[in-house]
Amino acid sequence: MHCITLDRETPFDLGKTLSCGQVFRWKEKGGAWSGVIEDQVVVTRQDGSKLYWRGATEEEIVRYFSLDTDLPAILGAIDRDPVIHHAINRSEGLRIIRQPHWECLASYIIATFTNIPSIKRRIGLLCGAFGEEISRGDEPWHSFPGAESIAKGRDRLPGICRLGYRAPYLLDTADRVAADPTWAERVASCPYDEARAMLMKYKGVGRKVADCVLLFGFGRLCAVPVDVWIERILRNYYLEKEGGPVSYEYLRHFAQDYFGEYAGYAQEYLFSIREELGSGKNFPRTGQC
DNA sequence: GTCCAGGTGGCCG
DNA sequence: CGGCCACATGGA
């Protein structure tokens, strides 16, 4: 069992980071979280400033959980009003994970127009059917299947994974990714707008999914996915007028201008308390939008 | 039965 | 460009 001690400049909340809806495979049992990082089963637990784990190197843990990111500086930069301030207080220590590129892209294609429990179930079925067996000890685990494995299992995919109309999207994207091993480095090397346009050429990847993949898979902390919850929160607290038609791009640009270069973090902190913020107006409207 | 969920693709003006 | 609408699935 490895252990590191987190200092004052490295706030981290393992549970909030893994349960806020950015990743879909981790499971908590008795305070211990089990999951998969790059084909390795990892079990980890936090006790105050101590972070314990097994199944990965310290370097891999630091990278995956973004422990090398200056979170206090980011939170200081986005802390601009009572609403986001409250979200920061509620979820301090939440970090945006660095997900593997393909896992992130495939997961967010599966994550469209559904709810988080269903997403977890479908991704679990996908991994069980097409991932490689990497069990360690008691719990059976599978790696996240590569694009080739999914493409090869195209006939079984619809029946097994309950993806509905998303199955052909995932298969089409899996084909193209499998045939293009450098797709991720090209996305990574482009500026935000270009990278986003590249991602949106894949089937099942629109504006929102592209922003999720850039934020959670490519570390583009300026990316702001606007889902129904974020739209609701922006309408409740940030728009001049609550009603009326507002486009995705308008809301995204507002959030990026208003919160700045780490707007993606603001998005995730607001998302993490979506039920509390989305169901009413618990704060005065800032009316900046 | 109805409504909702980390939306997208296709079509139409 | 923007406005519609169908699209599978499962839980409340």
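Chain identifiers are assigned alphabetically (A, B, ...) following the order of the sequence lines, protein sequences preceding nucleic acid strands; residue numbering begins at 1 within each chain. Only this structure's heavy atoms are used, side chains among them; waters, hydrogens and symmetry mates stay out.
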- Message: With the criterion set at under 5.5 Å between ring centres and under 30 degrees between planes, would dG6(B) be stacked on Phe271(A)?
- Response: yes
- Message: Between Lys208(A) and Glu249(A) (salt bridge meaning N to carboxylate O under 4.0 Å), is one present in this structure?
- Response: no
- Message: I need the OH-P distance between Tyr248(A) and dC1(C), as an integer number of Å.
- Response: 16 Å
- Between CE of Met200(A) and P of dG7(B) the distance, given in whole Å, is 15 Å
- Between dC7(C) and dC4(B) - C1' atom distance, rounded Å: 15 Å
- Task: Whole angstrom is fine here: how far is it from CD1 in Ile109(A) over to C1' in dG7(B)?
- Result: 12 Å
- Distance in angstrom units between Leu105(A) CG and dT8(B) P, rounded: 12 Å
- Task: Scan Ile119(A) against the nucleic acid and name what it touches under 4.0 Å (heavy atoms): base, sugar-phosphate only, or nothing.
- Result: nothing
- Checking side chain to side chain donor-acceptor pair (under 3.5 Å) for the pair Ser135(A)/Glu133(A): CA distance, chi angles, key distance, verdict? CA-CA 6 Å; Ser135(A) 298; Glu133(A) 172 91 49; 2.4 Å; yes
- Query: If you look at every strand shown and take non-hydrogen atoms under 4.0 Å, does Val205(A) touch a base, only sugar-phosphate, or nothing?
  - Reply: sugar-phosphate
- With a cutoff of under 4.5 Å between side-chain heavy atoms, which Ile, Leu, Val, Met, Phe, Trp and Tyr residues group with Val43(A)? none
- Measure the distance from NZ on Lys201(A) to C1' on dT8(B) and round it to the nearest whole Å. 17 Å
- Over how many whole Å does the gap from Ile123(A) atom CD1 to dA5(B) atom C1' extend? 14 Å
- Message: Regarding Tyr250(A), tell me which of base, sugar-phosphate or nothing describes its non-hydrogen contacts under 4.0 Å with the strands shown.
- Response: nothing
- Item | N-O pairing of Asp13(A) and Arg95(A) below 4.0 Å | no
- Taking only Lys NZ, Arg NE, NH1 and NH2, and the carboxylate oxygens of Asp or Glu, determine whether Arg220(A) and Asp211(A) approach each other closer than 4.0 Å. no
- Task: Ignoring backbone atoms, test whether Arg207(A) places a side-chain nitrogen or oxygen under 4.0 Å from the OP1 or OP2 oxygen of dG9(B).
- Result: no
- Message: Please give the distance between the P atoms of dA6(C) and dC3(B) as a whole number of Å.
- Response: 14 Å
- Note on the structure: The contact string for nucleotides 5-12 of chain C, one letter per nucleotide 5' to 3', using protein heavy atoms under 4.0 Å with B, S and - for base, sugar-phosphate only and none, comes out as --BBBB--
- Rounded to whole angstrom, note down the P distance from dC11(B) over to dA8(C). 15 Å
- Across the strands shown, which category fits Gly21(A) at heavy-atom distances under 4.0 angstrom: base, sugar-phosphate, nothing? base
- Taking only Lys NZ, Arg NE, NH1 and NH2, and the carboxylate oxygens of Asp or Glu, determine whether Glu231(A) and Arg235(A) approach each other closer than 4.0 Å. yes
- Item | Rounded C1' spacing from dA12(C) to dG1(B) in Å | 13 Å
- Under 4.0 Å between a Lys/Arg side-chain N and an Asp/Glu carboxylate O for Arg90(A) and Glu276(A)? yes
- Contact class for Glu268(A) vs. all strands (heavy atom < 4.0 Å): base, sugar-phosphate, or nothing? base
